[in-house]
Amino acid sequence: PHLRMFNEEFQTCKVEGAWALVDNKHLTVQVTNDPVINSGDATATSKLTVIIKKNEDCASSQFITYTAQTGHLPGSFSLGQTHYGPERSVEVIEKEPGKSVVIYLRYIDTTIKVQQIGRYFTFAIKMPEGVLNSSEISDKLELCVQGCPINERINYKQYFSEVQRTNKHSKMALSKALKMCRDASVVDFYFDSCVFDLLTTGDENFTAAAYQAWQDLIELNPELRQTQDNRTELPIVPSSAS
Amino acid sequence: CDIVHCQTLFSSAKDAEKSTEIKKLAALQRESPRCISLRTYIDCLVKQKRFCHSDITFNGNLAGLKAKMNRHKCSADPEASIFDPETMQVTGPRPPSVDRMCSYSGKPIYKQCGLFGD
């Protein structure tokens, strides 16, 4: 999957299996990434678990769990409740049944957005800086904080170059992928990711996922400005155009 | 919904009303020492609100206490003193209410993270 870290760095990773995105004294978010059907090595997020830690005053005297799995994006927490704490201090809001939910934790002003597009999930979180730095153990792995381990990272530029040179391993023609992603109006890292995903899987749902991830970013922080260039566009010229 | 706990606390606060400290504080706030006990009771009940909101005794006690506060001309100022059950001393300002406590009030610098695609 593609990761936008809290420090605004972008990475594309393998990270197959279960990984923690966030793990601090208030909450843990864990994802499970599985191989994408019929696409070789590509992996995408098929399960997501949010654990809101015990907070007697503002959440619950027990852990609160939310779990989404492919084909099941519930509109409530695991015990069936949609809110906890005084004045709905913790709340899950179903934006679009089975497709989009938002979890809001008022006492730490944290918003989590989970969407299912095709078989896989997109995840976005917005959190105050002070809360984000509340990890009890400083060296535990949180993908959103430290990023993916080096051996899990994918050099997509190298991948694009190989596709351009050999046209091997590609599930879709580069020219078609570039056109689809341009038509989807995604930009910057999200454009690169869109092209990468189409080349590796041929699954057009990933175009929508890239667009949605970009929209989530803007929705959660309307003032955010993306400054990166369309990196895919610069080094690669589709063979048909050349 | 633990009203008994609040009643016990109110009793302790009432017992302490004759102390010099409470008398001095009440005089400073220009009110009767009973106000400190009543505010302590109300403060305790308000914290139980989410567990007790449908309890008739709870609602009756809360309404009765508010009437008593008016009768004693007690200040409803959230900064006014209450009896602290932990230290068994009078304290002020009052601790934040649960509702205020559960709304993040830190510096609003936000960070974002996202995961998508394959």
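Below, read A as the first sequence line, B as the second, and so on, with proteins coming before strands; counting in each chain starts at 1.
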Can you see whether S37(B) engages E17(B) through a side-chain donor-acceptor pair at a distance of less than 3.5 angstrom?
yes
Contacting moiety of D216(A), where chain B heavy atoms sit under 4.5 Å:
backbone
Pairing donors with acceptors under 3.5 angstrom, does anything connect the side chains of R119(A) and T70(A)?
no
Yes or no on ring pair (Phe, Tyr, Trp, His ring centres under 6.0 Å) for F121(A) and F116(B), after CA distance, side-chain angles and deciding distance?
CA-CA 7 Å; F121(A) 293 110; F116(B) 66 98; over 10 Å; no
Cut-off 4.5 Å, heavy atoms of chain B, and the answer for M127(A) is both
Answer yes if the side chains of S46(A) and D34(A) hold a donor-acceptor pair under 3.5 Å, and no otherwise.
yes
Less than 4.5 Å to any heavy atom of chain B: does that hold for the side chain of V29(A), its backbone, both, or neither?
neither
Is it true that the side chains of D109(A) and Y104(A) contain a donor and an acceptor less than 3.5 Å apart?
yes
Go through the atoms of T200(A) and report whether side chain, backbone, both or neither lie under 4.5 Å from a heavy atom of chain B.
side chain
Using heavy-atom distances under 4.5 Å, tell me whether L48(A) contacts chain B through its side chain, its backbone, both, or neither.
neither
Could you check which of C194(A), C13(A), P128(A), C144(A) has the highest count of heavy-atom pairs closer than 4.5 Å to chain B?
P128(A)
